[in-house]
Amino acid sequence: MTKFQETASSLSAENISVWFGERQVLQDVSLTFPANKVTALIGPSGCGKSTFLRTLNRMHELIPSAGLAGSVLLDGQDIYDPKMNAVDVRIKIGMVFQKPNPFPTMSIRENVISGLKLSGRKNANPDELVETSLRRASIWNEVKDRLNDQALSLSGGQQQRLCIARSLAMDPRVLLMDEPCSALDPGSTRRIEETIQELSESMTIVIVTHNMQQAQRVSDQTAFFLADDNVPGGVVEFGETEQVFNQPIDSRTNDYVNGHFG
Amino acid sequence: MPNRQVDIQPERRKLSVGPLSTGDKWFFRTTTIASNFAFILVALILVFLFAKAWPAIQQQGPAFIYGNTWDVESDPPVMQLGPMIWGSLQVAFLGILIATPMAISAAYAIVFMLPQRLAKIATTLIDLLAALPSVVIGLWGLLSFAPVAANWAKLLNQTLGFIPLFQITGDEPTYIDSPFIAGWIVAVMIVPIITSVTREIFSQTDSGLINGALALGGSRFSVFSRVILPTSAPGIVGGILLGLGRAIGETVAILYVLQLTFDINWYQILEPHGGAVASWILSRFGEATEKEFEGLMAAGLVIFIVTLIINGLANVIVSRAAGRNR
């Protein structure tokens, strides 16, 4: 079997502030993501949690008017250091998006190894890589007999797990997930949550979710983001998931997790 | 659960899809007439051409398409279009070959790279190019462009002359009046069409795919070549075919920059020696006898049918591509 490194990395964001043009959307966010932990980012729409997620693997800078202050440390190294290559960063810190986005012109197999082609990396045994990655995303049994079918022939939930497999094929140390289940049915959602649990044994996971139950089911720690009119988003409360949901310190957290707003 | 009664046919009600008011009725009628008018016009042109061309087609037989001679002095006149038909295809193909990379690059820059204001300016300028009358482009080609392109032709001949494509048989080559130069002129004329279609297709690319590819470590070029281009390919092919339709029908501009000769030039594109059906019609039209007129009508019919087929193909491909993206 293809050797995957079984070591996760720790990630920490220090004093992150974000602008789009002149508009500031995040103010001074500092969060630590210890190795092998699952962290949930929750908060109402527009509070900046997805934007924050995109700063963690340098996807943020692809938006033309984007601005940033602060630093993101991957095992102590600043990913925004001029000496760091953005491609290396994005390979080490994988990302799964809200809407499943398999490449429509590629087969299932080609999708899994598309990261190799896109980043110009080589793998000695792509067939093994395909199988291992699909197994880790727990979709191997469903697709092993149809690897050459178009990726769009899969159901939405399968497509999303294919996208997870595609990220895993690059052997990331950290996996960022931006509401990965919001477009999926409950059955598919449950399977992806199980996959998250399994993956956390070998990597660090940060997941943005609107679903309170999901945050409680999958995460070890939770950060609650909040923004107001004319006030950029920030973290109101950050702690163990158990504590954030059951004994929140801030009254706004209490209101949000109990469904009083948002 | 009670048994479903399937043997009783419910009575169907009449559902109205007609116009909702008098104004609506007139709108409906006007658009119907207008759309049918275009259809009828095309059919009438086809019938007209066919009627005028029939005597010549009958007299010349299939050699009209592949023969090598145009001699209207003899009796009966010999009118064979082979070199012009081959020349049209040759020039159009060269034009496509030159225009496609330019158009794709321009469309990529406009959609994915330029700031919005610059993109708008570039789009307007390229569209303006399409609005230039072809006689203007022809004159520009003759007076300004051909002397410059002659240097490129010379360079090609001197460095790559061992390839048959770039060979020249004559002793004192001028490097002008060649299919090569005509190809460039046609390229200038079809770049706007291909750019405009490609721009539209590129701008419909799902940004989720692009983000996904970038997050996997893609570079600008790998995302373009492995994700954007493959998903856009059918639409771009449609745009190229639309360009091809115009290239085949191009007349005046080519007449200025290409030596029309009734001796087929299969591949030596730097020779002052080529053909183009539409340009041939134009160059002969003024002094044509009645017999030759019929032959020229038959030539027109050939172009008309080829263009119709290409445009039809383009429409099918473009609409399929649009359907798939949705």
Side-chain angles (χ1 to χ4, degrees), chain A residues 50 53-54 56-65 85-107 110-121 133 150-152 159-160 162-172 175-178 183, chain B residues 104 107-123 198 200-240 317-326:
Chain A
S50 289
L53 195 74
R54 290 171 60 93
L56 298 179
N57 67 341
R58 295 186 62 171
M59 287 295 284
H60 171 63
E61 70 201 45
L62 295 167
I63 297 163
S65 64
N85 180 341
V87 168
D88 292 334
V89 169
R90 293 184 196 132
I91 287 174
K92 282 191 188 125
I93 307 176
M95 191 168 213
V96 175
F97 296 80
Q98 183 171 359
K99 198 175 144 236
N101 55 354
F103 301 123
T105 55
M106 298 182 194
S107 66
E110 287 166 337
N111 259 284
V112 177
I113 53 174
S114 58
L116 293 176
K117 299 265 171 60
L118 282 162
S119 62
R121 313 274 147 136
S133 306
Q150 289 299 299
L152 291 187
Q159 286 184 17
Q160 191 63 303
L162 174 62
C163 291
I164 294 174
R166 185 172 76 176
S167 284
L168 297 178
M170 301 308 285
D171 195 19
L175 191 61
L176 309 178
M177 306 178 103
D178 190 359
Chain B
I104 291 178
Y108 181 86
I110 289 171
V111 176
F112 297 111
M113 284 167 71
L114 296 181
Q116 231 166 23
R117 269 191 52 197
L118 268 179
K120 271 204 183 115
I121 295 171
T123 305
T198 308
E200 196 56 40
I201 302 278
F202 278 174
S203 65
Q204 285 171 9
T205 312
D206 180 358
S207 62
L209 295 181
I210 297 175
N211 279 326
L214 287 166
L216 286 165
S219 62
R220 259 192 192 289
F221 179 71
S222 67
V223 173
F224 169 71
S225 63
R226 296 192 181 274
V227 177
I228 298 173
L229 206 54
T231 44
S232 314
I236 296 176
V237 170
I240 291 173
I317 293 177
V318 171
S319 60
R320 260 197 208 159
R324 206 190 50 168
N325 281 353
R326 238 171 259 135

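Everything numeric here is computed off the predicted structure, so don't read it as measured data. We name chains A, B, ... by the order of the sequence lines, and we start the count at 1 in each one.
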- Heavy-atom closest pair, residues B:Arg226 and A:Met106: O-CE, 3.6 Å
- Please determine, among B:Gly218, B:Ser219, B:Pro115, the option with the most heavy-atom pairs under 4.5 Å with chain A. B:Gly218
- Query: Measuring heavy-atom distances to chain B, does A:Arg121 have an atom under 4.5 Å in its side chain, in its backbone, in both, or in neither?
  - Reply: neither
- Message: Ignoring hydrogens, what is the shortest heavy-atom contact between A:Pro104 and B:Thr231? Give both atom names and the distance.
- Response: CG-CG2, 3.5 Å
- Cut-off 4.5 Å, heavy atoms of chain A, and the answer for B:Asn211 is both
- Atom group of A:Pro102 that falls short of 4.5 Å from chain B, counting heavy atoms: backbone
- Task: Would you name the heavy atoms of B:Leu216 and A:Ser114 that are closest together and state the gap between them?
- Result: CD1-OG, 3.7 Å
- Note on the structure: Applying a strict 4.5 Å limit to non-hydrogen atoms, the region of A:Phe103 in contact with chain B is both
- Could you tell me which portion of A:Leu176 (side chain, backbone, both or neither) has an atom closer than 4.5 angstrom to a non-hydrogen atom of chain B? neither
- Note on the structure: Nearest heavy-atom contact between A:Arg90 and B:Gly217 is CB-N, 4.4 Å
- Message: At a 4.5 Å cut-off on heavy atoms, which part of A:Lys99 comes close to chain B: side chain, backbone, both, or neither?
- Response: side chain
- Task: List the atom of B:Gly212, the atom of A:Asn101, and the distance in Å for their closest heavy-atom pair.
- Result: CA-ND2, 3.4 Å
